[in-house]
Number of protein chains: 2
Amino acid sequence: MNEAFHKLDPEKQRRIWDAVLREFAQHGYANASTNRIVQEAGIGKGMLFYYFNSKEELFRRALEYSLDYLQREYVSKLDYTEPDFITRFVQITELKMRAHLQNPLPFALLANVQINQDARQLFPDLQQRMAELASSELSKLWANVDTSLFREDIPPRQVMNLIRWSMEGYQNEVMNQLKDKDLTGLDWQAYVEEFYAFLDVLRKVFYKEGDHGSTKSQ
Amino acid sequence: MNEAFHKLDPEKQRRIWDAVLREFAQHGYANASTNRIVQEAGIGKGMLFYYFNSKEELFRRALEYSLDYLQREYVSKLDYTEPDFITRFVQITELKMRAHLQNPLPFALLANVQINQDARQLFPDLQQRMAELASSELSKLWANVDTSLFREDIPPRQVMNLIRWSMEGYQNEVMNQLKDKDLTGLDWQAYVEEFYAFLDVLRKVFYKEGDHGSTKSQ
DNA sequence: GCATAATCGACCACTCTGGTCAAGATGCTC
DNA sequence: GAGCATCTTGACCAGAGTGGTCGATTATGC
C-alpha cells in the first residue's frame, strides 16, 4: 500500500474505506466493481490503484481494516471478570452493538466473507485470523463463570447454551421489529424495560431460587 | 413458458431445474449467468430461451417452482392438532429437514432472495407470496397450543418464544458441527438421543413440575 | 418422404472489467 | 518566477462475459 494514503485527510480516508467496505460487503470479492468504488468515494480511478496496487491488495487491506476495527473497538474491550453469566453476556452484547452502531460496515464485510466462499482460497491467512477472532471470543465467554448461581439439576454448560440462544433469539426478534421502523423519536425506555424484564425471566428459569436481585436496579 | 418443457424426460427437467436454482441461489438474479446454467444443465444455449423466453421469466419460474416445492413438500403437510408445543415444534422441524434433505435448492434460492434485494422491485408479487408463506407458517405455529402444560409464573407467549429460540439455537449448533464432517457412517443414534435429552431439559425448565413423561419413549 | 418439432452452438452487439498512463494540477524550495 | 516532486484525473485499453438470436442440423411421427 502506498504510504501516501496515510497522509490523506482523515475524512477522505474514511470516505474511501466506507466506499470500499460497502462495495465488498454488498457484492463479495469477485463481483465488486472498482469503478463503483471510485465513483462512490469521489476519487479518480487512478488514485485507487495508486494507493492500493490491485483489486486483490485492496480487498486484503479492507479485510485487515475490518479485523483491526473489530479487535480495537470490540474484542479488546471485552471484560471477563464479571462472574454472573447473564450480566456478562449483556455487557458483551452492549459492546458489540456500540461498535456496530458506530460503523456497521466491518461487520457486514466479515459476515459476507464468512458466507460467500469467494475469498476463502484466495486469502487463507486472513480466513484463519477470522476464525481465531471468533473462537477466542467464544471460548473466553465461557471462562470463569460462577456456575454456582445456576440451578443444579441441569449441567452448567447446557444452562449457558440455553441462555445464549435465548438472548440471541431475543436480539434477532428486536432487530427484525426495528428494521423497517423510523428510529428517531423511538421510545427506547420501553424497549430497555422489556429487556430487563426478559432478563428477570431468564434468571427465574435458569438460576437458583431465591432473591438474586432484579436486573432493573442497574 | 414453452409447454415443450413439460414433455421433457423428467430426469432432464430435474437436471435443468437443479442448474437454474443453484445458479440463482448462489449468485442472485443480476449476477447469475445463463451461460453457466446451460453448461451445468448440459443443454444448448438455444434451448433455455426456447423453453423460457428470457432470463427474467426464467427467474420468475424458478421462484414459483421453489415456492410450489415448499408449499407441497413442507407447508401443506404441517399438522397443527398436536397440542404439546414442544412435540409440535419437533414435528415441524422434522418435516422441514426432510424437505431440505430431499432438495435444499428451493430453500437456498428463497433464502438468497430474502437477503439479496436484487429481485425485490422486479417481482413484487412473488415477494408478497413469500411473505405470506412465512407469516402463515409462523402464525399457525402459535395456534391451539395447550398452554396449561407450561409453568404458570411466566407468560405463555414468552415460554413459547424461549422454547423456539432454544431449539433454533440447538439446531444451528448441530448444523455447524456437521457442516464439515463426513455424513456417511455417522452415529445418528447418539445425536438423536442427545436431542431427546435436550427436549427433556426444555420440559423440565418450561413445563409444570411432575411427570410429563420422558420424550425418549417416542 | 416430408413436415414439424427439438436441439445446438457460433455469433451478435453491448456492457463492464481491472488496470494504465499521458497530461495536467498542486505544492514546495530556491 | 523556475524547477521539481508529488498528486490527481479520466479517457482509454484489451479482454471477458452478457442476454439473446438464428440458420443449420437432427430426431420424431405420420
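By convention in this document, chain letters (A, B, ...) are assigned in the order of the sequence lines, proteins followed by strands, and residues within each chain are numbered from 1.
- Rounded to an integer number of Å, the gap from CG of B/N35 to C1' of C/dC12 is 13 Å.
- The CG-P distance, from B/L48 to C/dA6, rounds to 16 Å in whole Å.
- Between the C1' atom of C/dC8 and the CD1 atom of B/I37 lies a distance of 17 Å, rounded to the nearest Å.
- Salt bridge annotation for A/R129-A/D125: absent, with no cationic side-chain nitrogen under 4.0 angstrom from a carboxylate oxygen.
- Position along DNA chain D of the nearest nucleotide to A/L8 versus B/A32 favours A/L8 as the more 5'-ward residue.
- Side-chain contact between A/H27 and A/R36: present, with at least one pair of heavy atoms (C-beta onward) separated by less than 4.5 Å.
- Within the structure, every side-chain polar atom (N or O) of B/Y50 is placed at least 4.0 Å from both OP1 and OP2 of C/dT7.
- Taking atom OH on A/Y51 and atom C1' on C/dG19, their separation rounds to 17 Å, with Å as the unit.
- Centroid-to-centroid, the aromatic rings of B/F52 and B/W17 come within less than 6.0 Å.
- Below 30°, between 30° and 60°, or above 60°: for A/Y170 and A/F198 the angle between ring planes is below 30°, a parallel geometry.
- The shortest heavy-atom contact between A/P106 and A/Y69 is CG-CD2, 3.6 Å.
- In this pair, A/F85 and A/F89 present their aromatic rings tilted. The plane angle is within the 30 to 60° band.
- Summarising the geometry, the separation between CG on A/L58 and C1' on C/dT17 is reported as 15 Å, rounded to the nearest angstrom.
- Extent of DNA chain D lying under 4.0 Å from chain B heavy atoms, first and last nucleotide in 5' to 3' order, is D/dT18 to D/dC22.
- Residue A/K55 places no side-chain atom within donor-acceptor reach of the base of C/dG19, judged by atom type and a 3.5 Å distance cut-off alone.
- If you measure from atom NZ of A/K45 to atom P of C/dT20, you get 10 Å, rounded to the nearest angstrom.
- Following rounding to the nearest Å, A/Q39 (CD) and C/dC16 (C1') show an atom-to-atom distance of 13 Å.
- For B/K55 and B/Y29, the positive end sits near the middle of the six-membered ring, less than 6.0 Å away and at most 45° from its axis.
- Between A/G46 and A/R36, the residue anchored nearer the 5' end of DNA chain C, judged by the nucleotide with its closest heavy atom, is A/R36.
- Summarising the geometry, the separation between CD1 on A/I43 and P on C/dG19 is reported as 14 Å, rounded to the nearest angstrom.
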